[in-house]
Engineer: 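Take this structure, written in structure tokens, and hold onto it; I'll ask about it next.
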Amino acid sequence: MTELVMIKDVSKHVGETVKIGAWLADKSGKGKLQFLQLRDGTAFFQAVVFKPNFIEKYGEEDGTAKFETVKHLGQESSVYVTGLVKEDERSKFGYELDVVDVEIIGTSSEYPITPKEHGTDFLLDHRHLWLRSKRQMAIMQIRNAIIYASYKFFQDNGFIKFDSPILSGNAAENTTELFETDYFDNPAYLSQSGQLYLEAGAMALGRVFDFGPVFRAEKSKTRRHLTEFWMMDAEYPFVSHDESLDIQEAYVKSMIQGVLDNAAYALEVLERDTTMLQKYVATPFKRVAYDEVIDILQAHEGEEGADYEHLEHGDDFGSPHETWISNFYGVPTFVCNYPASFKAFYMKPVLGNPERVLCADLLAPEGYGEIIGGSERETDYDLLEKKIIDFGLDPKDYDWYLDLRRFGSVPHAGFGLGLERMVTFIAGTEHIREAIPFPRMINRIKP
Ligand code: 4AD
Ligand code: MG
């Protein structure tokens with residue numbers, strides 16, 4: 001069998017006859033011509049079938065029959081197509097296939113997702129098929145490029161991959177968002193973040209990262225929330241809060257650059273404004289304190305576009321505040337030193353101001369919201385134990401975590417990035433549900 005060429009690679013085969021394994025995304029035709037829109041997961045492009053070519057190859061009767069079969073192929077039929085690769089300036093993709101032969105592999109009829117518009121619920125019910133569409137392919141390619149850039153950044157910067165467990169005996173974040181499960185007659189929880197385990201890893205191996213699914217039983221029905229999503233956590237000893245922000249900034253930039261370099265076709269399919277992405281790589285991110293943000297929000301309240309709710313110092317932001325503030329700066333913005341009251345128990349207080357903690361949320365511009373949450377961690381055994389109790393948690397569940405402060409406690413910091421938030425931001429999509437192959441939301445667990 002001839003080796004198959006992937007559609008994304010046809011540019012390397014101009015003037016050659018190649019064979020492609022593909023599905024028929026759409027087709028149109030007139031007289032002796034059929035235009036097949038082929039897709040193979042790597043890209044979409046057009047193959048042109050000219051009836052006389054079939055007749056020349058197979059004779060009048062068989063050639064005509066073959067042409068008729070192709071003409072009546074249903075959407076999503078699978079085919080091997082052999083043809084000559086030609087450069088074609090009229091097509092957006094730049095190349096076209098002059099078809100010599102078509103072999104049908106699997107037929108398809110009444111494919112539910114037609115090229116017309118469909119409602120979101122219908123598409124989500126057919127997610128297993130929706131993934132085949134051009135836009136979804138492009139988003140998944142961007143997701144892949146982000147994951148690839150992520151691993152590369154950490155490996156290049158001295159981090160070791162350290163896998164944290166999914167089943168856990170204690171909460172990592174807010175206990176109201178825990179999925180509980182029965183673990184041989186005892187309660188266990190699905191991980192909300194690998195962080196606490198990663199702290200143990202940092203004390204054993206230095207710079208560490210993990211990357212895995214996490215779960216939040218959040219009753220949030222927004223375009224930014226999933227109940228199952230992928231988090232990349234990183235943790236590092238002997239690093240201060242500011243240095244931690246340097247690492248995060250370099251990391252986010254490396255992912256954006258990685259997508260620009262390795263998923264240019266996908267960005268083009270999505271019509272993402274790449275000048276914005278280039279700007280985020282080239283410009284330093286903004287760093288601003290929570291209390292300063294509150295002052296700025298108050299000062300601009302009521303102005304055009306600033307129709308957010310009034311906030312006092314100590315109040316948490318809603319998404320309108322996050323959107324406004326990140327647009328105000330126009331670049332990804334670290335909002336630092338939030339009130340301790342609405343952040344997790346493990347964060348270290350700001351020196352001389354115990355009401356505030358050494359943390360930062362990275363807000364993406366263009367309304368994409370928080371993509372990273374990070375902080376410097378409490379290193380003192382007694383203070384940490386007190387915080388655990390104050391947060392209504394049982395120190396017995398955290399004895400192992402407290403141990404990290406008993407045996408050679410060191411300053412350390414870390415952060416967690418929500419992969420799907422990052423995908424949504426870089427791909428420029430409206431809703432997080434398209435950023436993961438099979439989204440899990442409050443009212444959706446199928447398919
Ligand atoms: O801010 P979060 O809750 O931070 C932590 O879990 C820390 N333990 C991380 C750490 O320090 N290692 O979550 C981190 C990120 C958020 O910034 C956001 O991008 C994403 O995870 N995230 C969600 N993404 C989708 N759906 C949800 N329900 C999310 N909740 C958080
Ligand atoms: Mg957060």
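Numbering of ligands and ligand atoms starts at 1, following listing order.
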Engineer: Quick test: of every protein heavy atom, which one is nearest to atom 28 (N) of ligand 1, and how far off is it to 0.1 Å?
Structural biologist: Glu218 OE1, 2.8 Å
Engineer: Measuring from Leu277:CG to Thr275:OG1, what's the distance to the nearest 0.5 Å?
Structural biologist: 8.0 Å
Engineer: For atom 18 (C) of ligand 1, what's the nearest protein heavy-atom neighbour? Residue, atom name and distance, please.
Structural biologist: Arg421 NH1, 3.5 Å
Engineer: Near the Mg ion (ligand 2), is there an N/O/S atom from Asp361 that is less than 2.8 Å away?
Structural biologist: no
Engineer: Would you check whether Ala234 has a nitrogen or oxygen atom less than 3.5 angstrom from a nitrogen or oxygen atom of ligand 1?
Structural biologist: no
Engineer: Is the distance between the ring centroids of Phe391 and Tyr398 under 6.0 Å?
Structural biologist: no
Engineer: Charged N to carboxylate O below 4.0 Å: is that the case for Arg406 and Asp403?
Structural biologist: yes
Engineer: Can you tell me if Phe438 has over 12 outside heavy atoms packed within less than 6.0 Å of its CZ?
Structural biologist: yes
Engineer: Within ligand 1, which atoms have a heavy atom of Arg377 less than 4.0 Å away?
Structural biologist: 10 (C), 11 (O), 12 (N)
Engineer: Suppose we only allow N, O or S atoms; which atom of Glu370 ends up nearest to the Mg ion (ligand 2)?
Structural biologist: OE2
Engineer: Quick test of your reading of the structure: of Met347, Arg440, Arg216, whose heavy atom lies closest to atom 6 (O) of ligand 1?
Structural biologist: Arg216
Engineer: Write out the residue and atom name of the closest protein heavy atom to atom 7 (C) of ligand 1, then the distance separating them to 0.1 Å.
Structural biologist: Glu173 OE2, 3.3 Å
Engineer: List ligand 1 atoms under 4.0 Å from Asp233, heavy atoms only on the residue side.
Structural biologist: 9 (C), 10 (C), 12 (N)
Engineer: Looking at ligand 1, does any of its N/O atoms fall within less than 3.5 Å of an N/O of Leu417?
Structural biologist: no
Engineer: Below 6.0 angstrom between ring centroids: does that apply to Phe317 and Tyr290?
Structural biologist: yes
Engineer: Does the pair Arg444/Asp121 count as a salt bridge with the N-to-O cut at 4.0 Å?
Structural biologist: yes
Engineer: What about the rings of Tyr401 and Tyr346, do their centers lie closer together than 6.0 Å?
Structural biologist: no
Engineer: For ligand 1, which is the ligand I care about here, please tell me if Gln195 has any N or O atom under 3.5 Å from one of the ligand's N or O atoms.
Structural biologist: yes
Engineer: Among protein heavy atoms, which sits nearest to atom 14 (C) of ligand 1, and what does the distance come to when rounded to 0.1 Å?
Structural biologist: Gly416 O, 3.5 Å
Engineer: Below 30° counts as parallel, above 60° as perpendicular, anything between as tilted: where do the rings of Phe334 and Phe285 land?
Structural biologist: tilted
Engineer: I need the atoms of ligand 1 closer than 4.0 Å to a non-hydrogen atom of Arg224, numbered in the order shown.
Structural biologist: 25 (C), 26 (N)
Engineer: Applying salt bridge (charged side-chain N to carboxylate O under 4.0 Å, His left out), run through Arg224 and Glu420 and close with a yes or a no.
Structural biologist: CA-CA 9 Å; Arg224 293 176 186 169; Glu420 290 73 17; over 6 Å; no
Engineer: Is it the case that ligand 1 has an N or O less than 3.5 angstrom from some N or O of Glu370?
Structural biologist: yes
Engineer: Only one of Glu199, Glu385, Glu378 forms a salt bridge (charged side-chain N to carboxylate O under 4.0 Å, His left out) with Arg405, so which one is it?
Structural biologist: Glu199
Engineer: State the atoms of ligand 1, each with its element, that fall below the 4.0 Å cut-off from a heavy-atom position in Met231.
Structural biologist: 6 (O), 13 (O), 14 (C), 21 (O)
Engineer: With ring centroids as reference points, do Trp324 and His300 lie under 6.0 angstrom apart?
Structural biologist: yes
Engineer: Is the ring centre of Phe215 less than 6.0 Å from the ring centre of Tyr189?
Structural biologist: no
Engineer: With heavy atoms of Ile432 as the reference, note each atom of ligand 1 found under 4.0 Å away.
Structural biologist: 25 (C)
Engineer: Please determine whether the number of non-hydrogen atoms from other residues, nucleotides or ligands lying under 6.0 Å from atom CD of Glu355 exceeds 12.
Structural biologist: no
Engineer: Number the atoms of ligand 1 from 1 as they appear, then name those within less than 4.0 Å of a heavy atom of Tyr346, with their elements.
Structural biologist: 7 (C), 8 (N)
Engineer: Tell me which protein heavy atom sits closest to atom 26 (N) of ligand 1, plus the residue, atom name and distance to 0.1 Å.
Structural biologist: Leu226 N, 3.0 Å
Engineer: Tell me the protein heavy atom at minimum distance from atom 19 (O) of ligand 1, and give that distance in Å.
Structural biologist: Ile371 O, 2.9 Å
Engineer: Counting from 1, what ligand 1 atoms have a heavy atom of Gly418 closer than 4.0 Å?
Structural biologist: 15 (C), 19 (O), 20 (C), 21 (O)
Engineer: Give me the nearest non-hydrogen protein atom to atom 31 (C) of ligand 1 as residue plus atom name, then the distance to 0.1 Å.
Structural biologist: Phe229 CZ, 3.5 Å
Engineer: Kindly state whether the ring of Tyr251 and the ring of Phe154 have centres lying under 6.0 angstrom apart.
Structural biologist: yes
Engineer: Examine ligand 1 and decide if any of its atoms is less than 4.0 Å from a heavy atom belonging to Glu235.
Structural biologist: no
Engineer: As an exercise, identify every atom of ligand 1 less than 4.0 angstrom from a heavy atom of Ile372.
Structural biologist: 17 (O)
